Structures are given as C-alpha cells and as structure tokens.
Amino acid sequence: MPKIGIYPGTFDPITRGHIDIIERSIKIFDHLVVAIAKDSNKSPVFSIEDRINMVSEEMKGLGQNISVESFNGLLVEFAKEKDASVIVRGLRAVSDFEYEFQLAATNTSLASDIDTILLPATGDRHFISSSMVKEVARLGGDLSNFVSSHVKSKLLDYFNGKKNEGNT
Ligand code: COA
C-alpha cells in the first residue's frame with residue numbers, strides 16, 4: 001500500500017515556509033496531497049481558485065508525487081477519501097505547539113487510524129506566517145524572503161487593486 005500523507009492549510013497565500021514543509025514531506029511519503037481548506041475559520045483574501053492556482057504553480061518541478069486539492073468539511077473525512085493515513089503540519093515555534101497538539105488530538109479522536117506528524121520549520125523559515133506576509137505586502141515591504149515571485153506578484157496585484165479602489 002502506498003503511504004499517502006496530507007498537508008492541510010488555508011494557504012492564503014502559500015509561503016516559503018509551507019514549501020519547506022512540502023519539500024521535506026515528499027521525501028517521507030509515496031504521495032502527498034496538499035489540501036486547501038475552502039472555508040476555514042479565517043476570512044481568506046484570496047479565493048479558493050486563486051489559492052489552488054498559487055499552490056499548483058509552486059508545486060511545478062517538485063515531482064509527480066504531489067496533488068493539490070481543495071476540501072470542505074472535516075479534514076479527517078477528506079483524508080479518508082484520499083486514503084491518506086498521516087496528516088502533516090509544520091511547527092514553527094513553541095507557540096504553535098498547543099494549537100497543533102489540540103488539532104492533532106481532535107483529529108485522532110475523530111479518526112483513530114489517522115495520525116499526525118509535526119515537522120519543525122527549518123532555519124530562516126520559522127517566523128513566516130501568511131498574515132505577516134499580507135501585512136508586509138499591504139505596507140509595500142520586500143516580500144522576496146517570504147514568498148516566490150509568482151505569489152509576490154499576486155499579492156502586489158491584490159493590494160494595489162485595494163489601494164486603487166480606495167482612490168475611486
Ligand atoms: N511555515 C510558514 N508558515 C506556516 C507554517 C510553516 N511551516 N506552518 C503554518 N504556517 C502559518 C500559516 O501561514 C498560517 O498563518 P496565518 O495564521 O497568518 O494565516 C498559520 O501558520 C497556520 O495556518 P495554516 O497552516 O494555513 O493552517 P490553518 O491553521 O489555517 O489551517 C486547517 C487549519 C485548515 C488545517 C484546519 O482548520 C482544518 O483542518 N479545518 C477543517 C475542519 C476540521 O477538520 N477541523 C479540525 C477538527 S475541529
């Protein structure tokens with residue numbers, strides 16, 4: 001049986017931190033599903049279509065054993081649908097631990113055959129968050145260390161559009 005992992009998130013937008021986790025996860029699993037939550041409890045600035053496109057663009061060149069999908073409802077139900085037995089999450093700092101621990105425990109009590117592994121963020125990736133990236137973009141800062149040039153241009157389009165809306 002191929003070992004299938006699932007890496008869920010909102011990916012609003014995908015950052016270099018997420019890519020670090022994906023690159024390391026594909027060495028662990030036969031196949032990795034990057035699962036984009038359609039409706040998380042956040043209010044994403046990018047539509048689900050935009051988030052799928054951005055993630056798919058980043059996955060080009062990372063090999064054949066990745067698929068990018070979106071999901072609604074419970075993550076464990078989607079994991080079962082995809083035959084994934086392991087949920088992957090990134091751990092950036094001790095402050096992430098409590099939330100990740102609760103999420104893992106909730107998912108395991110919902111589906112005891114699905115386990116979670118937490119991969120520590122490496123090197124200079126440990127502080128990135130999608131909210132911080134959006135804040136830097138909104139204020140016109142340099143995004144190069146945080147996101148790819150493709151995501152950077154999407155962020156600039158979005159925030160320049162917002163500025164122009166404000167001027168009309
Ligand atoms: N590097 C950089 N940033 C990282 C990171 C890493 N390795 N790991 C996480 N992050 C950041 C994200 O950018 C994000 O930043 P933000 O809060 O500023 O947006 C934050 O850390 C965590 O968000 P993300 O990884 O997108 O996950 P999430 O917490 O938004 O996603 C779901 C949570 C979608 C996995 C979860 O809500 C879910 O499973 N929902 C479905 C319903 C369900 O089954 N719930 C569980 C049972 S109650």
Side-chain angles (χ1 to χ4, degrees), residues 4-29 32-48 50-56 58-59 62 66-82 84-139 141 143-148 150-152 154-155 158-159:
I4 301 174
I6 188 162
Y7 180 42
T10 309
F11 301 105
D12 185 49
I14 184 166
T15 67
R16 292 197 190 282
H18 294 125
I19 294 169
D20 166 49
I21 300 293
I22 293 168
E23 285 177 338
R24 287 154 59 212
S25 302
I26 55 180
K27 295 181 192 149
I28 301 175
F29 299 103
L32 183 74
V33 179
V34 180
I36 308 176
K38 277 188 190 161
D39 51 3
S40 65
N41 48 12
K42 299 177 176 174
S43 304
V45 303
F46 290 107
S47 68
I48 186 64
D50 283 345
R51 286 180 282 143
I52 292 171
N53 287 339
M54 281 188 276
V55 174
S56 303
E58 301 304 311
M59 297 304 104
L62 287 189
I66 309 178
S67 52
V68 179
E69 314 234 9
S70 59
F71 74 102
N72 253 329
L74 281 178
L75 171 64
V76 288
E77 295 304 325
F78 186 64
K80 283 182 202 163
E81 219 177 275
K82 295 285 141 191
S85 53
V86 179
I87 296 167
V88 181
R89 294 282 294 167
L91 202 58
R92 292 163 301 167
V94 178
S95 51
D96 279 349
F97 185 77
E98 196 165 335
Y99 171 67
E100 293 302 336
F101 191 78
Q102 279 180 349
L103 193 62
T106 307
N107 285 330
T108 302
S109 50
L110 290 169
S112 58
D113 50 345
I114 298 181
D115 227 319
T116 297
I117 62 168
L118 301 176
L119 290 182
T122 48
D124 57 354
R125 309 282 191 247
H126 64 275
F127 60 90
I128 306 177
S129 80
S130 298
S131 309
M132 189 207 65
V133 163
K134 284 179 279 194
E135 182 71 354
V136 173
R138 189 175 67 80
L139 299 172
L143 293 163
S144 315
N145 285 336
F146 312 134
V147 296
S148 70
H150 180 252
V151 172
K152 180 176 163 180
K154 295 284 171 197
L155 280 163
Y158 177 83
F159 285 105

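All values reported here derive from a predicted model rather than from experimental measurement. Both ligands and their constituent atoms are indexed starting at 1 by order of listing.
Polar contact with ligand 1: absent for T106 (N/O pair, distance under 3.5 Å). In terms of polar-atom proximity, M132 is not counted as a contact of ligand 1, lacking any N or O under 3.5 Å from an N or O of the ligand. Polar contact with ligand 1: present for S131 (N/O pair, distance under 3.5 Å). Annotation: G73 places no N or O atom under 3.5 Å from an N or O atom of ligand 1; distance criterion only. Distances between N or O atoms of Y7 and those of ligand 1 include no value under 3.5 Å.
Across I4 and F29, no two heavy atoms sit closer than the pair C-CD2, 4.0 Å. When all heavy atoms of L75 and N107 are compared, the closest pair comes out as CD2-ND2, 4.0 Å. Contact detail for K38 and S70: the closest heavy-atom pair is CE-OG, 3.3 Å. Between F78 and I6, the shortest heavy-atom contact is CD2-CD1, 3.6 Å. Nearest approach of V133 to P13, heavy atoms of both residues: CG1-CG, 4.4 Å. Between Y7 and V88 the shortest heavy-atom distance is CD1-O, 3.1 Å.
By the criterion of a heavy-atom distance under 4.0 Å, the side chain of A37, and not its backbone, is placed next to ligand 1. Counting heavy atoms closer than 4.0 Å to ligand 1, residue R16 contributes nothing at all.
Distances shorter than 4.0 angstrom do not occur between any heavy atom of A35 and any atom of ligand 1. Contact between K134 and ligand 1 is absent, with no heavy atom of the residue lying under 4.0 Å from the ligand. By the 4.0 Å heavy-atom criterion, T15 is counted among the residues contacting ligand 1.
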Check: Going through the distances and angles, do R92 and S129 end up as a side chain to side chain contact (heavy atoms under 4.5 Å, CB included)?
Finding: CA-CA 9 Å; R92 292 163 301 167; S129 80; 3.2 Å; yes
Note to self: I'd like to know whether D12 forms a salt bridge (Lys or Arg N to Asp or Glu O under 4.0 Å) with K134, so could you lay out the CA-CA distance, the side-chain angles of the two residues, the decisive distance to 0.1 Å, and finally the verdict.
What the structure shows: CA-CA 9 Å; D12 185 49; K134 284 179 279 194; 2.7 Å; yes
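Among protein heavy atoms, the minimum distance from atom 2 (C) of ligand 1 is reached at I128 O, 3.2 Å. Atom 33 (C) of ligand 1 has its closest protein heavy atom at Y99 OH, 3.7 Å. For atom 32 (C) of ligand 1, the nearest protein heavy atom (residue, atom name, distance) is R89 NH1, 4.5 Å. From the protein, the heavy atom lying nearest to atom 11 (C) of ligand 1 is R92 NH1, 3.4 Å. If you check which protein heavy atom lies closest to atom 7 (N) of ligand 1, you get I21 CG1, 3.3 Å. The protein non-hydrogen atom at the shortest distance from atom 22 (C) of ligand 1 is K42 NZ, 3.7 Å. For atom 26 (O) of ligand 1, the closest non-hydrogen atom on the protein side is T10 N, 2.8 Å. Among all protein heavy atoms, the one lying closest to atom 13 (O) of ligand 1 is S130 OG, 2.7 Å.
For atom 18 (O) of ligand 1, the protein comes within 4.0 Å by at least one heavy atom. Within a 4.0 Å radius of atom 38 (C) of ligand 1, the protein contributes no non-hydrogen atoms.
In summary, the atoms of ligand 1 found under 4.0 Å from a heavy atom of G17, numbered by their order in the structure, are 1 (N), 2 (C), 6 (C), 7 (N). Taking a cut-off of under 4.0 Å to the non-hydrogen atoms of F11, the atoms of ligand 1 that pass are 26 (O). For ligand 1, the atoms sitting less than 4.0 Å from at least one non-hydrogen atom of S129 are 13 (O), 15 (O), 18 (O), numbered in the order shown with element in parentheses. Per-residue contacts place L103 under 4.0 angstrom from the following atoms of ligand 1 (heavy atoms of the residue considered): 46 (C). Close approach of ligand 1 to P8 (heavy-atom distance below 4.0 Å) involves ligand atoms 35 (C). Those atoms of ligand 1 that come under 4.0 Å of a heavy atom in G9, given as number and element, are 26 (O), 27 (O), 31 (O). Which parts of ligand 1 touch L75 is read off a 4.0 Å heavy-atom cut-off, strictly below it: atoms 39 (O), 43 (C), 44 (O). Counting the atoms of ligand 1 from 1 in the order shown, those under 4.0 Å from a heavy atom of N107 are 46 (C), 47 (C).
Across I14, V147, V151, a single residue satisfies side chain to side chain contact (heavy atoms under 4.5 Å, CB included) together with I19, and that is I14. Residue R51 is tested with V68, V45, I36 for a side chain to side chain contact (heavy atoms under 4.5 Å, CB included); the sole match is I36.
Using a cut-off of 4.0 Å between Lys/Arg side-chain N and Asp/Glu carboxylate O, D20 and R16 are scored as not salt-bridged.
With a 4.5 Å cut-off on side-chain heavy atoms, R24 and P120 count as touching. Residues V86 and I28 are not in side-chain contact: their nearest non-hydrogen atoms beyond the backbone lie 4.5 Å or more apart. Using a 4.5 Å heavy-atom cutoff, the side chains of S130 and H18 are in contact. Side-chain atoms of V34 and F11, non-hydrogen and from C-beta on, do get closer than 4.5 Å to each other.
Enclosure of atom CZ in F101 is not indicated, since only 12 or fewer non-hydrogen atoms of other residues, nucleotides or ligands lie within 6.0 angstrom.
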